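The structure appears right after this line, and notes come after that.
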2 protein chains.
Amino acid sequence: MSTTATTLKGQPLDKAVLDSVLRRRMFYTPSFEIYGGVSGLYDYGPPGTALQSNILDVWRKHFVLEEDMLEVDCSVLTPHVVFKTSGHVDRFADWMCKDPKFGDILRADHFVEEILEARLKGDKEARGQKVEDKEDEDAKKKKKKKIKGAQEAVKLDDAVVKEYEEVLAQIDNYDGAQLGELIRKYDLRHPRSGLQPTEPVAFNLMFQTSIGPSSNLAGYLRPETAQGQFLNFAKLLEFNQGAMPFASASVGKSYRNEISPRAGLLRVREFLMAEIEHFVDPESGKKHNRFSEVENIELDFLDRHTQLSGQTTTKRMAIGQAVKDGVVDNETLGYFLARIYLFLKKIGIDTRKIRFRQHMANEMAHYACDCWDAELHTSSGWIECVGCADRSAYDLTVHSKQTDKPLLVRQRLDTPRTVQEWEVTVDKKKFGPFFKKDSKSVETVILASTQECREAWAKELESSGKANVDVPELGKVEVSKDLLIIEFRTRQEHVREYTPNVIEPSFGIGRILYALCEHAYWVREGDEARSVLSFPPAIAPTKVIMMPLSSNKDFVPHITRLSQKLRAAQISTRVDDSSATIGKRYSRNDELGTLLGITVDFQTLKDSTVTLRDRDTTRQVRADEDTILTAIREIVGGSKTWEDIEKELPVFEGQEVED
Amino acid sequence: MSTTATTLKGQPLDKAVLDSVLRRRMFYTPSFEIYGGVSGLYDYGPPGTALQSNILDVWRKHFVLEEDMLEVDCSVLTPHVVFKTSGHVDRFADWMCKDPKFGDILRADHFVEEILEARLKGDKEARGQKVEDKEDEDAKKKKKKKIKGAQEAVKLDDAVVKEYEEVLAQIDNYDGAQLGELIRKYDLRHPRSGLQPTEPVAFNLMFQTSIGPSSNLAGYLRPETAQGQFLNFAKLLEFNQGAMPFASASVGKSYRNEISPRAGLLRVREFLMAEIEHFVDPESGKKHNRFSEVENIELDFLDRHTQLSGQTTTKRMAIGQAVKDGVVDNETLGYFLARIYLFLKKIGIDTRKIRFRQHMANEMAHYACDCWDAELHTSSGWIECVGCADRSAYDLTVHSKQTDKPLLVRQRLDTPRTVQEWEVTVDKKKFGPFFKKDSKSVETVILASTQECREAWAKELESSGKANVDVPELGKVEVSKDLLIIEFRTRQEHVREYTPNVIEPSFGIGRILYALCEHAYWVREGDEARSVLSFPPAIAPTKVIMMPLSSNKDFVPHITRLSQKLRAAQISTRVDDSSATIGKRYSRNDELGTLLGITVDFQTLKDSTVTLRDRDTTRQVRADEDTILTAIREIVGGSKTWEDIEKELPVFEGQEVED
């Protein structure tokens, strides 16, 4: 896995310099920094907030508007029972271990990963190979505790190198016990104490609070927006006038109490998500009626089998082929992978730095039956930025069972269909008195049982008069034939009822935003290297910076009039009338990713012409105000490029005043 | 205080009907409803989410874009120390009491208010006057516990009526002890137990959680977005290149653990706020350079003195006059009150239902030195929807003191100024050993002292050799002259340093959204009364509904082409191809507030013309597709009204198919 990050122009990326630009220009900044900060919490300053809001704007147009999705906005505060039912209370956890001497709390998979990577690095050094330092420069500066293993150049056996690489290729696939085994097997020690950490234990990632004045209603901050959408399924279906398939969507904050947040926006405790829940009939084969629009799009795939074999080589193929070959399970999943790719491309992500990685079995969230991540390559390696999971009918089923509310679709059949299946009848009058407090649990299991299960029970009832029912909380329970009848029946159905399956594209906006900054970043060589952030027109935080050449009062009315016109055209504009040179002001705005610059100079006072400067080429044209305004509208709206404008308007080679 | 709410057309407002429309059309819905819901938590469905997002869009253009505000997005999770310093841990509380028999938890001011209102209602009934029932119909249906006192018609003395009305006029002005007194004085009893509730105690409204795996960092969910903006003040000033005044702004969720949330969106535990912090030089007299643009706008004022005298009559005057007369303290505060008014008007709030009420002394938040609320009249009476507080230098000062970080403005003076003032010098070497652990507290008080205070100490030091320093945590502390020197000195200042004052307009988006629904609502009389929500073009959740007359397949290409064109013009559109009659589909969309309707019918197949229908008048025009698209763009963009379009295009009086 290469960790060599490059800029937009292929230069080696100096993360320290980029981070300093992003901080200095207030794209983001540690929250509560004057109080020392809290790891994993960041604030977005003005350019970061604008960038985020532009990304969301494109997201809404690309997904919600384009496909008539039903956008909702649900509560973050959620009572215990919801996440108990969804499985998050029991299973939404990471593996945590402790240094036995100093008590440092470690995330077990990260610990294993970092020590093994450090050993591999030491090995490379011993072999005299060039080593890319993956360490976060910023973390170094802040003297943040970062685990580093045997940094000394120690050569390893070739077989050991291969073994380590295989472990790293599937690091996300290990559970706590397996991570504990790896720690013992490879004798992984914390460099500070020289000791192996304690056995990994599960640490639930949800923030807890209590709701109401009496403190007796436990609640959590949601770790995903999805549950709110599932709980509203029946109302959304009704709002959609019963039509299937359809998707809901939601943009909002979610919270995960990360064990060890990384410096920067890549692993944080509070983050903005944009999630889609696409509800589909499982019997449709999860076909998608717009799949043909995307089937020829080529993506880089890293499937489950490749990773298990210890490899990280991607395979490039058209999404149509990938679905045909069964690499991607179905059309709807495939459709969204392609749409995710197109979205990322549209906002300016470097398409050479996108791959789709399939989750391994142990890595998948408890609700998923298949999952692909869109990973973006950054200076921290490949980072999961969008997940696309097939959650099957899991969530709707568990909530429906728990609440006794139907979360299903009733489909009127044009021609009734004949159904033959095993049906169960529970004798309610006897059931209650017999099983007492357990009767509901036993009944639920029986009613929710599969056809295979029912067939087996029918045989048991016939042979022994009793069926063995496996109830999670109780173990095997015997149910006799006077309580339970199971028959194979034939009936006509006029309405078909089914629980839809869910395909869920889920976007981590902060991670995408950070990756985008790396992908848009490059350094303009010259007397002095200058940082530039080349965001696409729709994404640039500010579209136009307007600058009077000097503090001469005669420039003011021109600036004011232009500002008003641009504001009326809803083009985000700022004025820089500071005393810095024009060159310095342009540099500042190149770091801010500002798309275009207007200068008002002495020529303007004579003939009302102004110059327009392109961020990426630093080239300029000059024309009268209204012509320039039209050019700006065309570039920002996407109907023309700078190259088009340069062909139409007189190029200006005058005072590009660099300091 | 009249509680008689009316619709947009002046009809008596039937809140039960409106609420049922809003629920049925999924504007909002109780969160987790299939689990029984949690009071004070609501989800927005598709029309509510669109409405919210359109309100925010206008808000951003009206405030952020128009005045170049610096928008930021800060963490909701906040460590203890921040809210300890800001005063929220100690003072952000409501008064809570309990029914001694059944343990019902009551918000003390609401309890007093409701019992007194019930008595006044009983009195009116006894006098044979008409009584408006203020009770929330929805709450009745849900059999929510609602406190009701002596509902029987009991006539009161005229003097008692007057006394009750005076108490109610200033109900927000009482503290816990005073509320307890009122309970005893008027013998206010809980109707369920027949007993007086317990003495009111303070209940802090912040939700608490802990951050990180070791559970030792206590944190809160922010109750306002403001603190994040204050903590970033130094960075924002730098981003603004040192220029003053300037404003930051933020849109985000905040949380308050309300003691007794009301049904509906008016008092909830999780809510969206949009807040502006305008930083201004206190020595500027808080002038505002755009005040002249708004000075003639007339507003209805209800000032502090009027309320204290037991009255609720508003005074209408121009904001310019109000500032001149000292009703509103300064231009900046006045400017924002007028801008708030213009914003509310722009989104469709009925201007006859807006008043500006000044907070009384005990009612103000601990940080405020003056505060006006924009209150909107609804079926629940006058509701605070926007607060506009002068927070003075409170927050920046306390955070700066606590962190030892400067949160101030350095202003270079063109001509140096001569300053004569009392200066203090603390002998640090002796101070520490003498005061030990208290030395920092004592020193902070001395360094932060006023000129008056220093002058008094100087005299004490001269006369007795000791100054009496009042330290909040310690009481009077004697500081002798070998530890402290105070002198009256003259010096030249080239740079002036000052802590800016903050004017804070703070918008509760959910409350505004709900009030807007009431203000936009009316009932179309006819064979059957039909509900209509007449939102303005920019605010309507969906702009255009497109309907084929029937399921005839030939209509599909027309609908598809129109959809694509509208989508390209970024006009939010939905298709309703359900089998309901055209009339039913229009009715549904009138309830959704959809602005315009297009019908594709058999005439369309002949000549490609379609009809366009106006929601408010139900009148229609007919023209070819492109002409209709232009008309839609003009209406949605605000450049033309329906009346304009009707003059230009042939009116269509054909099959307005009502069912």
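Residue numbers start from 1 in every chain, and the chains themselves are labelled A, B, ... in the order their sequence lines are given, proteins ahead of strands. What you are looking at is a predicted structure, and each value in this text was computed from that prediction instead of being measured.
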request  = Test Tyr255(B) against Val76(A) for side-chain contact (heavy atoms from CB on, under 4.5 Å), laying out the working first.
outcome  = CA-CA 10 Å; Tyr255(B) 295 82; Val76(A) 172; 3.3 Å; yes
Between [X] and chain B, with a heavy-atom cut-off of 4.5 Å, which part of the residue counts as in contact: side chain, backbone, both or neither?
X	answer
Gln227(A)	neither
Ile105(A)	side chain
Ser578(A)	side chain
Arg25(A)	backbone
Thr78(A)	both

Picking from [options], which has the most non-hydrogen pairs under 4.5 angstrom with chain A?
options	value
Arg567(B), Gln570(B), Met69(B)	Arg567(B)
Met96(B), Lys61(B), Lys235(B)	Lys235(B)
Pro47(B), Ala234(B), Pro46(B)	Pro46(B)
Ile259(B), Val72(B), Leu592(B)	Val72(B)
Glu66(B), Arg24(B), Gln402(B), Gln208(B)	Glu66(B)

request  = Go through Leu221(B) and Leu221(A) one step at a time and tell me if the side-chain contact (heavy atoms from CB on, under 4.5 Å) criterion holds.
outcome  = CA-CA 10 Å; Leu221(B) 305 189; Leu221(A) 305 189; 3.7 Å; yes
Would you indicate whether [X], at its atom [atom1], is surrounded by more than 12 heavy atoms from other residues, nucleotides or ligands within a distance under 6.0 Å?
X	atom1	value
Lys405(B)	NZ	yes
Glu238(B)	CD	no
Gln241(A)	CD	yes

ask   = Do you see a donor-acceptor pair shorter than 3.5 Å between the side chains of Tyr35(A) and Thr85(B)?
value =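 Side-chain D/A pair, Tyr35(A) to Thr85(B): present.
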Rounded distance [0.5 Å steps], [atom1] in [X] versus [atom2] in [Y]:
X	Y	atom1	atom2	result
Glu71(A)	Gln52(B)	CD	CD	9.0 Å
Phe271(A)	Ser75(B)	CZ	OG	12.5 Å
Asp68(A)	Thr573(B)	CG	OG1	8.5 Å

Which atom names give the shortest non-hydrogen contact between [X] and [Y], and what distance separates them?
X	Y	result
Pro213(B)	Glu258(A)	CD-O, 4.2 Å
Ile34(B)	His399(A)	CD1-CB, 4.4 Å
Asp73(B)	Lys253(A)	OD1-NZ, 3.6 Å
Asp43(B)	Cys74(A)	OD1-CA, 3.2 Å
Pro79(B)	Val38(A)	CG-CG2, 3.7 Å
Arg269(B)	Ile211(A)	NH1-CG2, 3.7 Å

task = For the pair Met26(A) and Leu236(B), evaluate side-chain contact (heavy atoms from CB on, under 4.5 Å) and give the outcome as yes or no after the intermediate values.
result = CA-CA 8 Å; Met26(A) 219 184 165; Leu236(B) 288 167; 3.8 Å; yes
query = Looking only at atom types and distance, does a side-chain atom of Glu270(B) sit under 3.5 Å from a main-chain N or O of Leu77(A), one as donor and one as acceptor?
reply = yes
ask   = Quick check: does any side chain N or O of Thr209(A) sit under 3.5 Å from a backbone N or O of Phe207(B), one acting as donor and the other as acceptor?
value = no
request  = Show the numbers, then the answer: is there a side-chain contact (heavy atoms from CB on, under 4.5 Å) between Glu33(A) and Leu231(B)?
outcome  = CA-CA 8 Å; Glu33(A) 197 173 26; Leu231(B) 297 185; over 6 Å; no
request  = Let me know if Asn240(B) has heavy atoms under 4.5 Å from chain A in its side chain, its backbone, both or neither.
outcome  =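 Side chain only.
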